[in-house]
Amino acid sequence: MGWCSPSTTKQAATTLLLFSTGVTLFSVGVHLSYANIESQREHTPMAVVPASSSVGSPLIAEVDMGGGFDPSSVIVRATVVQASTVFYDTSATIDKADRLVAEAASYGSQLVVFPEAFIGGYPRGSTFGVTIGSRSAKGKEDFRKYHAAAIDVPGPEVDRIAAIAGKHKVFIVMGVIERAGYTLYCTVLFFDPYGQYLGKHRKLMPTALERIIWGFGDGSTIPVYETPIGRIGALICWENRMPLLRTALYGKGVEIYCAPTADAREVWQASMTHIALEGGCFVLSANQFCRRKDYPPPPDYEFSGAEEEPSPNSVVCAGGSVIISPSGVVLAGPNYEGEALITADLDLGEIVRAKFDFDVVGHYSRPEVLSLTVKDHPQHPVFFTSAANKESEQKS
């Protein structure tokens, strides 16, 4: 069961009222609220890694949970956010995220997924002054401003988002532009309801002109997190069309497959449905809904590729955010109407029922014929041996 609600409290409350007068809000099963999680933690220990003083140390690890309750009987309420960035204003964008998470939490959502590059912005229509063999002075200045709007991971903005997750007691999957020195990455961050930053996924393969402005991720940031509401992972936009990368997530047992994107075309829906069926998982795809006026006005920000400058109310990204079940049923969305919170209840028992038909890395695999090797260690351009040598000498 799902619904789309406009991202204003008054309108959203009306939507919920309509559903509550004649439609059951919850499917049969156990609705696992945050309070339920706390209660079950008393009886069902969850494997965790030790907390440390370093920022970003996860409390929920990529490890197996203990027994004690049947996870396939759990029903999880999830929301995908369809909303625009406040471009070049990172603080205001995080404020907006706080309001949206609060609204989703007020409906009982336990997981909130944001679009690709929500923090930092998706630079739609911008060329950054790039032609083969040259870059314009204005394009370099555009990159400077874009770099300034990105965030360090870990960093103060990560702490703010973690606090939002803790305040509203929800899991958050957040698309950001990550700044690592002078290189930017299109990244997804994961947060738990205890206000902890869990980790990140960096986009492995930026698309087309994105490769000019974003660095490439590596195999060390393809996590799937074991949580009380299911195993959560994410791939970004056209990464989702890479079969081997999807298989890496399937191999880690992903159950709630998040797909933040910038692709609003109808054909995107076919990819999302295929992944849900292929992986036997829930697919949650979040995209921004943007009008021209959501970006800075010209000449500060110009849209290239169009015959004329779009009018302020022109839709430049129509959204299409959607939630799909492991059997390929659309539970909520796609929405192309405006900013919205797209919400559905996920019956985790559907995963087991779907895997009975087709388990892509289980009974339907043929490892003696086909196999995948994932190089999951970090790749560094510079490696210093002096510290390691000194430590070795001291031990000897």
Backbone of Gly181 reached by a side-chain donor or acceptor of His147 within 3.5 Å: yes

Is there a path of hydrophobic side-chain contacts, each under 4.5 Å between heavy atoms of I, L, V, M, F, W or Y residues, that connects Val153 with Phe191? yes

Would you confirm whether Gln288, through its side chain, and Thr85, through its main-chain N or O, come within 3.5 Å as a donor-acceptor pair? yes

For Lys140, salt bridge (charged side-chain N to carboxylate O under 4.0 Å, His left out) partners two or more places apart: none

Do the side chain of Ser371 and the main chain of Pro367 share a donor and acceptor less than 3.5 angstrom apart? no

Cluster check Ile342, Tyr336: I/L/V/M/F/W/Y, side chain < 4.5 angstrom: no

Please check if Ile161 and Val86 belong to a single hydrophobic cluster, counting links between Ile, Leu, Val, Met, Phe, Trp and Tyr side chain heavy atoms closer than 4.5 Å. no

Spell out, as yes or no, whether a donor-acceptor pair under 3.5 Å connects the side chain of Thr79 to the backbone of Val112. no

Before accepting this row, confirm whether a basic side-chain N of the pair Arg144/Glu141 lies closer than 4.0 Å to the acidic partner's carboxylate O. yes

Looking at every non-hydrogen atom in both residues, tell me the closest pair between Cys186 and Trp214 and how far apart they are. CB-CE3, 3.5 Å

Could you list all the salt bridge (Lys or Arg N to Asp or Glu O under 4.0 Å) pairs where at least one residue sits in residues 323-336, not counting sequence neighbours? none

Would you say that more than 12 heavy atoms from the other residues, nucleotides or ligands in this model lie under 6.0 Å from the CD of Glu337, or not? no

May I ask you to decide whether Arg99 forms a salt bridge with Asp95, counting only side-chain N to carboxylate O separations under 4.0 Å? no

Side-chain donor or acceptor of Thr227 paired with backbone N/O of Ile229 under 3.5 Å: yes

Determine whether Leu346 and Val74 satisfy the following criterion, side chain to side chain contact (heavy atoms under 4.5 Å, CB included), listing intermediate values before the conclusion. CA-CA 8 Å; Leu346 316 182; Val74 171; over 6 Å; no

Please assess Thr131 against Ser134 for the test side chain to side chain donor-acceptor pair (under 3.5 Å), listing each intermediate value before the final yes or no. CA-CA 5 Å; Thr131 56; Ser134 68; 2.7 Å; yes

Any carboxylate oxygen within less than 4.0 angstrom of a Lys/Arg side-chain nitrogen, looking at Glu339 and Lys96? yes

Taking the side chain as every heavy atom from C-beta outward, state whether Ile164 and Ile94 have any pair of such atoms under 4.5 Å apart. yes

I'd like to know if the side chain of Ser109 reaches the main chain of Ala105, judged simply by a donor and an acceptor atom lying under 3.5 Å from each other, with no hydrogens or angles considered. no

Does some side-chain heavy atom of Val158 sit less than 4.5 Å from a side-chain heavy atom of Leu189? yes

Show your working on side chain to side chain contact (heavy atoms under 4.5 Å, CB included) between Ile232 and Cys258 and close with a plain yes or no. CA-CA 7 Å; Ile232 302 172; Cys258 303; 4.1 Å; yes

Can you see whether Tyr122 engages Glu210 through a side-chain donor-acceptor pair at a distance of less than 3.5 angstrom? yes

Are any non-hydrogen side-chain atoms of Val80 and Phe114 less than 4.5 angstrom apart? no

Given 3.5 Å as the limit, does a donor-acceptor pair link the side chain of Arg291 with the main chain of Asn313, or not? yes

With under 30° as parallel and over 60° as perpendicular, where do the rings of Tyr257 and Tyr250 fit, or are they tilted in between? tilted

Cluster overlap Phe358 with Met272, hydrophobic side-chain contacts below 4.5 Å: yes

Taking side chain to side chain donor-acceptor pair (under 3.5 Å) as the test, write out the residues that go with Glu302, two or more places apart. none

Would Asp347 and Arg353 count as a salt bridge (charged side-chain N to carboxylate O under 4.0 Å, His left out) if you check the C-alpha gap in whole Å, the side-chain angles of each, and the deciding distance to 0.1 Å? CA-CA 11 Å; Asp347 175 1; Arg353 291 187 280 272; 3.0 Å; yes

After noting the C-alpha distance and the side-chain angles of Val113 and Phe171, does the key distance pass the side chain to side chain contact (heavy atoms under 4.5 Å, CB included) rule? CA-CA 8 Å; Val113 181; Phe171 288 89; over 6 Å; no

Does any part of the side chain of Ser220, heavy atoms only, come nearer than 4.5 Å to the side chain of Asp376, both counted from C-beta? no

Establish, from distance only, whether the side-chain atoms of Ser314 and Ser311 form a donor-acceptor pair under 3.5 Å. yes

Do Ser126 and Phe143 come close enough that some side-chain heavy atom pair is under 4.5 Å? no

If you draw a 6.0 Å radius around CZ in Arg135, do more than 12 non-hydrogen atoms from other residues or ligands fall strictly inside? no

For Asn287 and Ala262, the nearest pair of non-hydrogen atoms, with its separation, is OD1-CA, 3.3 Å

Tell me the closest heavy-atom pair linking Phe118 and Ser84, and the distance in Å. CE1-O, 3.5 Å

Mark yes or no for whether Gln82, through its side chain, and Gly319, through its backbone, hold a donor-acceptor pair below 3.5 Å. no

State, to 0.1 Å, how close Ala117 and Ile177 come at their nearest heavy-atom pair, and which atoms those are. CB-CD1, 3.6 Å

Measure from the ring center of Phe303 to the ring center of Tyr301 and say whether it is less than 6.0 Å. yes

Flag the pair Arg124 and Asp294 as a salt bridge only when some basic side-chain nitrogen lies within less than 4.0 angstrom of an acidic carboxylate oxygen. no

Each residue besides Leu370 in its hydrophobic cluster should be listed here, by chain and number; the cluster joins Ile, Leu, Val, Met, Phe, Trp and Tyr at side-chain heavy-atom distances under 4.5 Å. Val369

For Gly215, does its backbone N or O pair with a side-chain atom of Arg211 as donor and acceptor, under 3.5 Å? no

Quick one: does Asn240's side chain have a donor or acceptor within less than 3.5 Å of a partner on Leu235's backbone? yes

Glu266, CD atom: more than 12 neighbouring heavy atoms under 6.0 Å: no

Got a salt bridge between Lys145 and Asp300, using NZ or NE/NH1/NH2 to carboxylate O under 4.0 Å? yes

Salt bridge (Lys or Arg N to Asp or Glu O under 4.0 Å) pairs touching residues 267-279, sequence neighbours excluded, are Arg246-Glu278

Any heavy-atom pair between the side chains of Val176 and Val188 that's under 4.5 Å? no

What is the minimum heavy-atom distance between Gly251 and Val361, and which atoms define it? N-CG1, 4.1 Å

Please, which pairs that meet side-chain hydrogen bond (donor to acceptor under 3.5 Å, both in side chains) have at least one residue in residues 174-186, sequence neighbours excluded? Asp152-Arg179, Glu178-Thr187, Glu178-Lys200, Glu178-Arg202

Of all heavy-atom pairs linking Gly121 and Phe87, the shortest is CA-CE1, 3.7 Å

Can you tell if the side chain of Pro326 reaches within under 4.5 Å of the side chain of Ile351, non-hydrogen atoms only? yes

Treating Ile, Leu, Val, Met, Phe, Trp and Tyr as nodes and any side-chain heavy-atom pair under 4.5 angstrom as an edge, say whether Trp238 and Leu184 lie in one connected cluster. no

Ion pair present between Glu239 and Arg241, side-chain N to carboxylate O less than 4.0 angstrom? no

Short N-O contact, Arg160 and Asp98, less than 4.0 angstrom: no

For Ser321 and Asn335: C-alpha separation, side-chain torsions, deciding distance, then whether side chain to side chain contact (heavy atoms under 4.5 Å, CB included) applies. CA-CA 6 Å; Ser321 302; Asn335 181 293; 5.6 Å; no

Taking everything shown except Glu308 itself, do over 12 heavy atoms lie less than 6.0 Å from its CD? no

Do Ile324 and Leu331 have side chains that get closer than 4.5 Å, going by heavy atoms? no

